[in-house]
Amino acid sequence: MAEKVLIIGSGPAAHTAAIYTARAELSPLLFEGFMAGGVAAGGQLTTTTEVENFPGFPEGISGPDLCDRFRAQSQRFDVRIVTETVTKLDLSSRPFKYSTDEQEGEADTVILATGATAKRMDIPGAGDGPDGFWQRGVSACAVCDGALPMFRNQPLAVIGGGDSAMEEADFLTKFASKVYLLVRRDELRASKIMAQRAKDNPKIEFLYSTVCTAALGSDGLEKIRVKDLKTDKEREIDCLGLFFAIGHIPNTSFLDGQLDLDEQGYVLTKPGTTTTSVPGVFACGDVQDKKYRQAITAAGTGCMAAIDAEHFLASNP
Ligand code: FAD
């Protein structure tokens with residue numbers, strides 16, 4: 001028999017959708033993935049240390065602990081959680097068909113909550129592990145991490161030349177003593193208005209034709225080595241925080257173009273809802289959001305997707 005609700009994903013969007021649909025007695029089946037999109041089950045929050053902006057945790061909570069709590073709350077309502085990646089969907093008719101490497105089945109509605117993966121650069125010293133400063137000064141989310149005490153009144157750097165980089169650099173100047181904006185090309189990709197706002201900010205120094213070649217420090221990040229691509233000269237600058245703002249990859253390749261996506265691959269939803277171009281398929285969280293990209297907004301749209309799916313099933317039994 002077809003599942004009533006199939007949820008694909010494992011972050012705040014997926015688990016919120018799971019909790020709501022389970023409490024609505026729709027007995028959801030959730031595939032949390034196995035290193036899907038290169039990220040562990042639990043989603044992007046598994047890659048961060050401290051989360052200070054999710055309501056309900058006044059002292060803050062570690063990203064992995066928050067993910068465990070999302071999962072435990074789904075389990076409390078008997079959500080069936082499978083640690084497999086959905087590799088294929090057939091959305092041509094209802095019930096929709098899904099498959100993983102281990103199994104296949106059918107579902108009346110599908111909630112896509114597969115998130116996005118923040119792009120990182122392979123810079124010596126900027127990775128995970130004991131030799132890298134990932135989450136010890138290196139981050140891919142200024143809005144999430146910029147306000148941490150370790151970055152207050154310190155020199156920071158942002159890598160990128162698009163709108164996100166401008167926004168992140170601008171945001172970081174609230175806390176930083178100075179923000180270097182490292183731009184690989186000798187011009188910006190950002191829109192004029194965003195670029196101008198950053199240029200007008202006296203705390204931002206633009207380093208054009210410049211790349212970061214190493215992240216250096218002892219316990220945490222202390223300096224970065226940068227290279228001027230025009231002169232080939234390298235130098236070290238004091239920098240306690242390095243933020244990648246080079247974009248995200250939405251986890252939508254397995255959809256095989258069966259849903260309307262935007263030019264960057266994000267699922268298009270009807271504004272104010274989670275409905276997609278295929279009736280009965282709903283999308284929530286970062287897979288359909290390239291603007292807010294926060295745990296709380298992902299959870300919010302997860303709730304919307306659950307209610308949208310419930311209403312859909314009531315009128316399309
Ligand atoms: P994601 O968290 O992106 O999770 C989706 C997951 O679904 C994937 O990771 C994968 O495990 C799984 N999946 C993908 N494809 C499949 C498939 N085909 N089959 C099965 N499973 C699949 N936000 C905050 O609010 N506060 C913070 O402090 C904060 N810090 C952050 C720090 C970093 C370094 C990063 C990268 C992000 C941070 N964010 C923070 C943003 C936040 O993590 C995301 O906005 C949020 O996790 C998005 O949730 P989501 O449910 O849409 O999906």
Side-chain angles (χ1 to χ4, degrees), residues 6-18 29-57 60-67 70-71 74 81-89 98-103 110-120 126 128 134-148 164 168 241-256 266-267 274 283-305:
L6 170 73
I7 299 172
I8 311 175
S10 59
H15 282 294
T16 306
L29 174 66
L30 182 150
F31 282 97
E32 66 179 356
F34 183 77
M35 291 308 288
V39 178
Q44 294 173 68
L45 291 175
T46 62
T47 69
T48 191
T49 44
E50 202 62 6
V51 178
E52 293 190 316
N53 52 12
F54 198 87
F57 299 94
I61 181 166
S62 87
D65 284 352
L66 186 56
C67 297
F70 292 148
R71 197 175 191 275
S74 285
I81 301 175
V82 184
T83 311
E84 290 170 28
T85 300
V86 173
T87 48
K88 216 170 172 181
L89 280 178
Y98 65 86
S99 42
T100 72
D101 284 345
E102 319 280 324
Q103 56 180 296
V110 175
I111 295 180
L112 296 168
T114 49
T117 306
K119 289 193 211 162
R120 285 158 65 172
D128 310 281
W134 176 252
Q135 289 302 317
R136 292 190 297 137
V138 182
S139 168
C141 184
V143 176
C144 316
D145 295 335
L148 291 174
S164 302
E168 305 225 338
L242 176 66
F243 294 83
F244 296 128
I246 51 171
H248 288 71
I249 303 174
N251 296 318
T252 51
S253 57
F254 73 109
L255 297 171
D256 267 341
Y266 287 87
V267 178
T274 61
C284 50
D286 285 13
V287 75
Q288 52 83 57
D289 171 18
K290 57 184 178 191
K291 182 170 182 194
Y292 302 104
R293 291 193 192 114
Q294 294 295 294
I296 192 70
T297 46
T301 52
C303 162
M304 289 165 64

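By convention here, the first residue in the shown sequence is residue 1. Numbering of ligands and ligand atoms starts at 1, following listing order.
- A side-chain donor-acceptor contact under 3.5 Å links T47 to the backbone of Q44.
- The shortest distance between side-chain heavy atoms of E52 and L148 falls below 4.5 Å.
- Taking every heavy atom of T85 and a limit of under 4.0 angstrom, the matching atoms of ligand 1 come to 17 (C), 18 (N), 19 (N), 20 (C).
- Among the atoms of V86, some N or O lies under 3.5 angstrom from an N or O of ligand 1.
- The distance from ligand 1 to the heavy atoms of V39 drops below 4.0 Å at these ligand atoms: 9 (O), 11 (O).
- Here's the thing with P12: one of its N/O atoms is less than 3.5 angstrom from an N/O atom of ligand 1.
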- Task: Test side chain to side chain contact (heavy atoms under 4.5 Å, CB included) on V138 and F244 and set out the steps.
- Result: CA-CA 8 Å; V138 182; F244 296 128; 3.7 Å; yes
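- Note on ligand 1: H15 sits outside its first shell, no heavy atom being nearer than 4.0 Å.
- Considering both main-chain and side-chain atoms, N251 never comes within under 3.5 Å of ligand 1 through any nitrogen or oxygen pair.
- Listed by number with element, the atoms of ligand 1 under 4.0 angstrom from any heavy atom of S10 are 6 (C), 7 (O), 10 (C), 11 (O), 12 (C).
- The proximity of M35 to ligand 1, defined as any non-hydrogen pair under 4.0 Å, does not occur for either the backbone or the side chain.
- M35 contributes atom CE, which lies 9.5 Å from atom OG1 of T85 (distance to the nearest 0.5 angstrom).
- Taking every heavy atom of R293 and a limit of under 4.0 angstrom, the matching atoms of ligand 1 come to 41 (C), 45 (O).
- Contact of the L255 side chain with the L112 side chain is registered, since non-hydrogen atoms from C-beta on lie closer than 4.5 Å.
- In summary, the atoms of ligand 1 found under 4.0 Å from a heavy atom of G33, numbered by their order in the structure, are 20 (C), 21 (N).
- Here T297 contributes atom OG1 and D286 contributes atom CG; the two are 6.5 Å apart, rounded to the nearest 0.5 Å.
- Among the atoms of G42, none of the N or O lies under 3.5 angstrom from an N or O of ligand 1.
- Going from atom CD1 of I7 over to atom CD1 of I111 covers 4.5 Å, rounded to the nearest 0.5 Å.
- A donor-acceptor pair under 3.5 Å is formed between the side chain of T114 and the backbone N or O of N251.
- Every atom of ligand 1 with a heavy atom of G285 under 4.0 Å away is listed here by number and element: 52 (O).
- With a heavy-atom cut-off of 4.0 Å, N53 touches ligand 1 through its side chain alone.
- Contact analysis puts A40 in contact with ligand 1, with a non-hydrogen atom separation below 4.0 angstrom.
- The E32 neighbourhood of ligand 1 comprises atoms 11 (O), 12 (C), 20 (C), 21 (N), with distances under 4.0 Å to a heavy atom of that residue.
- Polar contact check, S139 against ligand 1: no nitrogen or oxygen pair lies under 3.5 Å apart.
- Nearest non-hydrogen protein atom to atom 44 (C) of ligand 1 is D286 OD2, 3.3 Å.
- Of all the heavy atoms of A13, the ones lying under 4.0 Å from any atom of ligand 1 are found in both the backbone and the side chain.
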- Message: Quick one, V51 with L45, criterion side chain to side chain contact (heavy atoms under 4.5 Å, CB included). Give me CA distance, side-chain angles, the key distance, then yes/no.
- Response: CA-CA 8 Å; V51 178; L45 291 175; 4.0 Å; yes
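- Residue I8 touches ligand 1 through its side chain alone, judged by heavy-atom distances below 4.0 Å.
- Atom CG of D145 and atom CG of N53 lie 9.0 Å apart (nearest 0.5 Å).
- Taking the side chain as every heavy atom from C-beta outward, V82 and Q103 approach each other to under 4.5 Å.
- Contact annotation: the side chain of Y98 never approaches that of I8 to less than 4.5 Å [non-hydrogen atoms, C-beta and beyond].
- Contact annotation: F31 has at least one heavy atom less than 4.0 Å from an atom of ligand 1.
- Note: E50 CD to L66 CG = 10.5 Å, rounded to the nearest 0.5 Å.
- Counting heavy atoms under 4.0 Å from ligand 1, residue T48 touches it through the side chain alone.
- If you number the atoms of ligand 1 from 1 as listed, the ones under 4.0 Å from a heavy atom of A113 come out as 5 (C), 7 (O).
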